[in-house]
Amino acid sequence: MSKGLNGKVALVTGAAQGIGRGIALRLAEEGVNLALVDLQKEKLAHVLEEVTAQGVRATTFGADISQREDVYAAVDHAVKELGTLDVMINNAGIAQVKPIADIMPGDLEKILNINIGGVTWGIQAAAAKFKALGKKGKIISASSIAGHDGFAMLGMYSATKFAVRALTQAAAKEYASAGITVNAYCPGIVGTDMWVEIDKRFSEITGAPVGETYKKYVEGIALGRAQTPADVAALVAFLSSDDSDYITGQAILTDGGIVYR
Ligand SMILES: NC(=O)C1=CN([C@@H]2O[C@H](COP(=O)(O)OP(=O)(O)OC[C@H]3O[C@@H](n4cnc5c(N)ncnc54)[C@H](O)[C@@H]3O)[C@@H](O)[C@H]2O)C=CC1
Ligand SMILES: CC(=O)C(C)=O
């Protein structure tokens, strides 16, 4: 068990599936009460059943993280339903597979609003709430290996994940005096719907057979297998726990050996 997690309250965005669901399941195992936030309300209801079956209290909230008022409303909802907030996990994000030459203004606007806007509003709303509650807190956001190395065909996605690292560093410096730590996790190749979509788009662009791009990337992992949401959740549980109290401003790689920093 991770130190100091039992009884805490965490909000997880993008909790309806994939890595966000994996984080919710792991935190529930650790006794964390959960506010589950996503665009997909039906899928959230299923994750709600899964986590409450582990004996924790939980609530769901439908929100579009690119909308500042939605994120603030989600944080207010968490505190109203669960009594407080200790950990904010800005996990939701989208991928975008396009050669640089094909990126259009609408593509740029969409991914910036979700991947950078969503994290910005999440950091802002959580820090304001921690201060209003008069408590310390932890803010944890999803970056990526693509936040350390720019990936071909994932140029704008990579740019947003580099930006998450920059925001993490700046926010860590701004909020340290309030006792708020701000960190990020950087997964590698995780077998979620996001990669099903990335693989499909690569096929459309390059003509590679479906499944080939994912297979090629997984073959490049030193530990020899694709990452699971539970692998990512193990790092997020550590960053949510008291064991990470002296860590701030970091974007920590968890990728089985792809990017070495
Ligand atoms: N799958 C992978 O290999 C990797 C993923 N990541 C990052 O981890 C995070 C989670 O990824 P996955 O679980 O793989 O993705 P996913 O696509 O399986 O799940 C993302 C979830 O976020 C939700 N979401 C998307 N846009 C939203 C919005 N505007 N408002 C509210 N919710 C929204 C979706 O409904 C979905 O439930 C993302 O930030 C992603 O960039 C980072 C590195 C690797
Ligand atoms: C989805 C993602 O972040 C990568 C690099 O696979």
Side-chain angles (χ1 to χ4, degrees), residues 11-26 35-47 60-71 73-74 89-97 109-122 140-165 167-168 184-202 213-218 220-221 225-233 235-236 251-256 258-259:
L11 185 157
V12 185
T13 69
Q17 66 183 43
I19 294 170
R21 171 176 169 269
I23 292 169
L25 294 177
R26 171 63 191 260
L36 307 169
V37 176
D38 205 290
L39 280 173
Q40 304 187 79
K41 288 180 80 175
E42 273 179 31
K43 280 193 170 179
L44 273 185
H46 178 63
V47 181
T60 62
F61 193 81
D64 176 350
I65 58 147
S66 70
Q67 303 301 307
R68 187 172 182 267
E69 61 276 15
D70 277 24
V71 179
I89 302 171
N90 297 309
N91 168 74
I94 59 164
Q96 189 178 90
V97 184
E109 195 182 348
K110 182 175 180 191
I111 198 162
L112 294 186
N113 283 340
I114 297 174
N115 289 10
I116 302 182
V119 170
T120 306
W121 312 141
I140 304 163
S141 307
S143 179
S144 166
I145 49 173
H148 287 268
D149 280 353
F151 278 63
M153 308 286 183
L154 287 163
M156 198 45 63
Y157 176 78
S158 302
T160 65
K161 294 301 180 179
F162 270 69
V164 171
R165 288 179 55 217
L167 281 167
T168 298
Y185 50 99
C186 303
I189 310 299
V190 191
T192 65
D193 285 0
M194 180 174 278
W195 248 103
V196 173
E197 196 53 37
I198 292 172
D199 179 79
K200 201 171 105 205
R201 285 284 299 133
F202 263 91
T213 308
Y214 179 68
K215 187 164 165 277
K216 191 188 87 191
Y217 273 102
V218 170
I221 301 172
R225 65 166 174 85
Q227 189 165 17
T228 65
D231 293 322
V232 184
L235 172 60
V236 176
I252 301 175
L253 285 155
T254 165
D255 66 1
I258 302 174
V259 171

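Read the numbers this way: they start at 1 and go in the same order the structure lists the ligands and their atoms.
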field: Shortest non-hydrogen contact between V37 and A63, atoms and distance
entry: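 Taking V37 first and A63 second, the nearest heavy atoms are CG1-CB, 3.7 Å.
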
What short N/O contacts, under 3.5 Å, does ligand 2 make with the protein, listed by atom pair and distance?
residue	atom	partner	partner atom	Å
ligand 2	3 (O)	S144	OG	2.7
ligand 2	3 (O)	Y157	OH	2.7
ligand 2	6 (O)	W195	NE1	2.8

- request: Not counting sequence neighbours, which residues clear salt bridge (Lys or Arg N to Asp or Glu O under 4.0 Å) with R201? List them please.
  value: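 Salt bridge (Lys or Arg N to Asp or Glu O under 4.0 Å) check on R201 returns E204.
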
query: What distance do L112 atom CG and K110 atom NZ have between them, rounded to the nearest 0.5 Å?
result: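 Reported to 0.5 Å precision, the distance equals 12.5 Å.
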
task: Nearest 0.5 Å please: distance from the CZ atom of F61 over to the NZ atom of K41.
output: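 F61 CZ to K41 NZ: 8.0 Å, rounded to 0.5 Å.
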
task: Could you check I252, V164, V232, L253 and say which one makes a side chain to side chain contact (heavy atoms under 4.5 Å, CB included) with Y185?
output: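 Looking at I252, V164, V232, L253, the match for Y185 under the side chain to side chain contact (heavy atoms under 4.5 Å, CB included) is V232.
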
message: Which label fits Y217 and W195: parallel for a plane angle under 30°, tilted from 30 to 60°, or perpendicular past 60°?
response: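 The arrangement is tilted - the two ring planes meet at 30° to 60°.
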
Contact residues of ligand 1, where a non-hydrogen atom lies under 4.0 Å away: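 Close residues (ligand 1, cut-off 4.0 Å): G14, A16, Q17, G18, I19, D38, L39, Q40, A63, D64, I65, N91, A92, G93, I94, I114, A142, S143, S144, Y157, K161, P187, G188, I189, V190, T192, D193, M194, W195.
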
query: So, do C186 and D255 sit near enough that their side-chain heavy atoms are less than 4.5 Å apart?
result: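 No, too far: nothing below the 4.5 Å cut-off.
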
field: Side chain proximity check, Q227 to T254, heavy atoms < 4.5 angstrom
entry: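 Side chain of Q227 against side chain of T254, heavy atoms only: contact under 4.5 Å found.
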
Considering only distance and modelled atom types, tabulate donor-acceptor pairs under 3.5 Å from the side chains of residues 153-160, sequence neighbours left out.
residue	atom	partner	partner atom	Å
S158	OG	F151	N	3.1
S158	OG	L154	O	2.7
T160	OG1	N115	ND2	3.2
T160	OG1	Y157	O	2.6

